[in-house]
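As a basis for the values below, the full set of heavy atoms in this structure was taken, side chains included, without hydrogen atoms, waters or symmetry mates.
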Amino acid sequence: MTDTRATDTHCPYCALQCAQRLTVGADGAVEPAGRPFPTSKGGMCHKGWTSPALLRAPDRLVEPLVRGADGVLAPASWDDALDLVADRLAALRREHGADGVAVFGGGGLTNEKAYVLGKLARVALGTAMVDYNGRFCMSSAAAATNRSLGLDRGLPFPLADLAGADAILLLGSNLAETSPPAVAHLTGVRRRGGLVVADPRHSATAALADDGAGIHLQPLPGTDLVVLLALAHVVLADRLLDERYVTERTSGLDALRSAVAPWWPERAEQVCGVPARTLRRTAHLLAAASPHRGGAGAYVLTGRGVEQSRQGTDTVSAAIALSLLLGLVGRVGSGYGAITGQGNGQGGREHGQKCDQLPGYRSITDPAARAHVAQVWGVDPDELPGPGIPAVALLDALGRPGGPRALLVHGSNPAVSVPGSSGVRERLAALDLLVVCDLVPSETALLADVVLPVTQWAEEEGTMTSLEGRVLRRRAAVRPPAGVRSELWVWAELARRLGAPGTWSSDPAEVFDELARASAGGVADYSGLSHARLDAAEASGADDGGTALHWPCPATPDGTPDHPGTPRLFLDRFPTPDGRARLVPVRHRGPSDDLGPTTPVYLVTGRVLAHYQSGAQTRRVPELVEAAGDPFVEVHPLLAERTGVADGDLVHLDGLRGRVTARVRVDAGTRPDTVFMAFHWAGPGGVNEITSPVVDPVSSMPELKVCTVSLTPAAEAPGTADLAGAVR
C-alpha cells in the first residue's frame, strides 16, 4: 500500500486563490488536485497544476549567502548572516537616522508576514520608509474606492454573484489569461449577450464577447476614461439613471453632470476611437440589465489595464460613478469591483505594508489608530514613525543624499517589475546594504549583499485574503529544505538582535491572533477570526457556499468570535460620514507619453497565461517556459507591413527611456497603432526597461500600461543574447 498524505491549501499565485489538495507520496513527490471552492469551482489554471515544480526548483536557495570582499555571494551560517545584517543596520541607523533603512514588501506575503513586516519596519527599525509592490497593483482602485465608497475591498461581493448578471462591463482585465477559472462565472452573462470587454487588443477575454455574447470595445490606449465619461453622459442624457437611488444614496450629482456633459458619444469617438453608436448601445445594455429597469443585475469591473495609469484613480472613480448612476453598488446581484492581481494583494495592503497605513487598514496619521496599534505592540504611540513615501519615490531615493542607505526586500523582484528597471538596478547598486529574502535567486536577489532563503507556500502555515475579501488558510504540506527558515523566524531573530520592544512570535497562529487584536475596530477588522475558526469553518463545510468569513469579521461584544463575516458590503449604507457614496467628477488627460516622429506607436503591457508577475517563479517551471516561449511583441499585420517586419523577426522597441528586443508575433487582434508585450521577462526582453515611471498624483501608481515606442528590425547575428535573460 502506498503511504500518502493529503493537505488542503490554496494555489501560490493570483488572488483567485484556487483551492488545492496536495498529496505527498512515499517518495516525496507532490501531486496537486483541484477541490471544491466557490471562486474556482474545483479548477485551476496551468500555473496551479504545475505549482509543485516550485518545490523542486534546481536553483532553490537552501542556505544564507553573503557577498564577500571579492564580490561573490558565498554560503554563510544563519547566525553569521543575521549578525552581519543586524550590525550593519544598527550602524547605518546611527549614522543616517532611522529613515536610513528602508523596507520593501510584496502582495504575495501571507497576512501574518505582511503584518509583521510593517511592525518590523516601524518598531524594530523605527523607519517610515516602507512600501510594497502592491503599489503597482491595487493602489489606484484602493484610492478611488476609498474616496467614493469609503472602503476598499477589491470585490465587495462574492465572485459567484457574477453568474446571475444580465450585463458585465470589464475594463482593463484579461481574466481568461490572468485568472482562467474565473471565466466560469461569466457563462451566464455571455449566454445572455451581456459581456462587454474594453481592451485595445482582441485578447482571450475580449474574444469571449464574440458571436453574440457581448461587445468588444477597442479604445485607443490610455482613453478608457473617455469611454466611461461617454457612457455616463448617455446614462444622464437619456435618463437611464436610477433616480431614487442616486437621490437617496449618493452625493455630487450636479458636479458629475458638469464633468460628463462635454463627452457626448460623437466627441468621445474622436478621442477614444470607439464608435458613438457602440457607446450608446453599451450604455443602454448596462441600463437594461440594472435592477431599477427590471434587469437581473449588472456589474462594472476594473483591472490593471486601466488602473496602471497616471489617471488610474480618476478612471476607477468614473467606473464607480457609472455604477452609482445605475444604482448597482450595494445591491445583491449588482455592483462595482476591482479584480485584485497578486495572491494576497488584498490582505497585503490591509495590515501595514503601505507607507501610510497601520493594521486593520488604519491611517498612520490618525492619533486613535496609532494609540490602538501601539498598545497592541507594547510601545509608546509617539515612538511610531509617520507616513513614508510610496514605492516609485522610495526606490528612486535609494542611495541618494538623504535617502535610505539600506533596503530589506521581501516577496518582490523590483529589479524586473518596476518601470525604468535599469534605473532601479542602479539605485540598488548604490546602497550600502541590500538584503533579500527569497526562495530562488531572483534578479534582485543576485544583486544583494545578503540573501536569506525562506519558505514558500506549501511549506508554511498562514492566511491569505482573496480578491473578494475571503480570509483563507494556507497550510504546510511538506517540510522546507533543512537550511530554509520562515520570514517570521527571520524577523523575530532580527528584532531580538536589534533590541526591539514587544513580542516577536514566529508561530503563524500566534501572529494572526496579534494581527486580529491590532485590526479590531479598524476598517479591515479581523478580530473575530483565528486559525482555529477558519479551520473549523472549512471542516464543517460552512464556507463552501461563498457566504462565510469575509472581512470585516469583528469579535462580538462578549469577545466570542460569532460574527458571520461580511460577504457583501454597502447593502444598507456606505462607510462615509453621511452614509452616502460620492459621485466624483474627473477629467481626461491621457497618457504621459505622446506619439511623435521618433515614437509613433503605442506599447501596452500585460500578462500571458503561462507566467506570473516578474516570472521569477514561473520561469523556473519547464512546462510553463515551453508554453510561453521567449519574449514577444504582438504586432498588427498592417503595422508589420509598414515597418518591414514579419512573424518571427527580431525587432527593437525604442522608447523614451531605452530599448528592448523581442520576436514579432503578427496578430490582427491588436490595434494597428498599438503593440503589446508581456512583462514577465528580464534581460533584453524585459519590457519594464522602457515603461513609464510617471505616477498617478493620488495613488502614486506608475503608468506601467501605456508608453510610446518605435519599431525597427534588429540585425540577427550568431550568439544573439537570450531575450529572456539569464534566469528563465
Side-chain angles (χ1 to χ4, degrees), residues 11 13-16 18 39-41 43-50 159 162-163 167-191 193-219 221 224 299 301-308 338-341 467 602-613 615 618 623-637 647 662-672 674-681 687 705-706:
C11 177
Y13 293 113
C14 80
L16 204 59
C18 297
T39 53
S40 55
K41 296 187 174 183
M44 291 189 291
C45 75
H46 198 179
K47 294 183 289 293
W49 288 111
T50 59
L159 185 68
L162 298 179
I168 296 174
L169 171 59
L170 183 62
L171 303 111
S173 178
N174 186 9
L175 275 180
E177 295 202 66
T178 59
S179 303
V183 171
H185 299 287
L186 304 179
T187 301
V189 73
R190 293 177 62 211
R191 186 172 59 248
L195 179 63
V196 183
V197 179
D199 195 319
R201 304 167 61 222
H202 190 248
S203 64
T205 304
L208 297 175
D210 291 349
D211 302 322
I215 303 170
H216 175 206
L217 308 178
Q218 203 163 9
D224 302 86
Y299 290 89
L301 306 175
T302 62
R304 303 304 82 71
V306 299
E307 297 163 13
Q308 289 178 328
I339 307 295
T340 306
L467 77 169
Y602 283 111
L603 166 67
V604 296
T605 67
R607 284 172 49 185
V608 295
L609 175 62
H611 281 317
Y612 181 72
Q613 300 298 87
T618 53
E623 297 94 326
L624 299 179
V625 170
E626 182 178 358
D630 281 337
F632 66 91
V633 55
E634 196 174 272
V635 181
H636 190 278
D647 198 77
R663 298 277 177 194
V664 170
R665 289 189 187 176
V666 175
D667 190 326
T670 194
R671 291 175 57 100
T674 301
V675 297
F676 165 83
M677 282 190 71
F679 56 77
H680 310 293
W681 288 279
V687 73
K705 284 300 181 202
V706 185

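Scanning both residues, Cys18 and Ser40, for their nearest heavy atoms gives SG-CB, 3.4 Å. When all heavy atoms are compared, the tightest approach of Arg304 to Gly341 is NH1-N, 3.4 Å. Annotation for Thr302 and Glu307: closest pair OG1-OE2, 2.7 Å, computed over non-hydrogen atoms. Between Pro200 and Gln218, the shortest heavy-atom contact is O-NE2, 2.8 Å.
His611 and Thr618 share a donor-acceptor pair across their side chains, judged by distance under 3.5 Å alone. Donor-acceptor pairing under 3.5 Å is lacking for the side chains of His202 and Asp667.
Looking at heavy atoms from C-beta onward, Met677 lies in side-chain contact with Leu603 at the 4.5 angstrom threshold. Contact of the Val706 side chain with the Tyr602 side chain is registered, since non-hydrogen atoms from C-beta on lie closer than 4.5 Å. His46 has its side chain within reach of Glu623: a pair of non-hydrogen atoms, C-beta onward, lies under 4.5 Å apart.
Judged as a side-chain contact (heavy atoms from CB on, under 4.5 Å), and not counting sequence neighbours, the contacts of Thr205 are Leu170, Asn174, Leu175, Ala176, Val197, Ser203, Leu208.
By the 6.0 Å and 45° rule, Arg663 does not stack over the aromatic ring of Phe632.
Atom CZ in Phe676 sits 8.5 Å away from atom CG in Asp199 (nearest 0.5 Å). Distance check, rounded to the nearest 0.5 Å: SG of Cys14 to NZ of Lys47 gives 7.0 Å. Taking CG of Leu162 as the start and OG1 of Thr39 as the end, the distance is 11.5 Å to the nearest 0.5 Å. Rounding to the nearest 0.5 Å places OG1 of Thr340 at 10.5 Å from CG of Leu16. Of the inter-residue distances, the one linking Tyr13 atom OH with Cys45 atom SG reads 8.5 Å to the nearest 0.5 angstrom. Taken from NE2 in His680 to CG in Leu624, the straight-line distance is 10.5 Å, to the nearest 0.5 Å.
With hydrogens and angles disregarded, a donor-acceptor distance shorter than 3.5 Å links the side chain of Arg607 to the backbone of Thr178. Lys705 places no side-chain N or O within donor-acceptor distance of the main-chain N or O of Gln308, the cut-off being under 3.5 Å. Judged purely by atom type and a 3.5 angstrom limit, Trp681 has no side-chain atom pairing as donor or acceptor with the backbone of Gly615. Asp647 places a side-chain N or O within donor-acceptor distance of the main-chain N or O of Val666, the cut-off being under 3.5 Å. A donor-acceptor contact shorter than 3.5 Å is absent between the side chain of Arg190 and the backbone of Leu195.
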Practice problem: Take Thr670 and Val635 through the test side chain to side chain contact (heavy atoms under 4.5 Å, CB included) and record every step on the way to the result. | Solution: CA-CA 7 Å; Thr670 194; Val635 181; over 6 Å; no
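A salt bridge links Glu634 with Arg201: the distance from a Lys NZ or Arg NE/NH1/NH2 to an Asp or Glu carboxylate oxygen falls below 4.0 Å.
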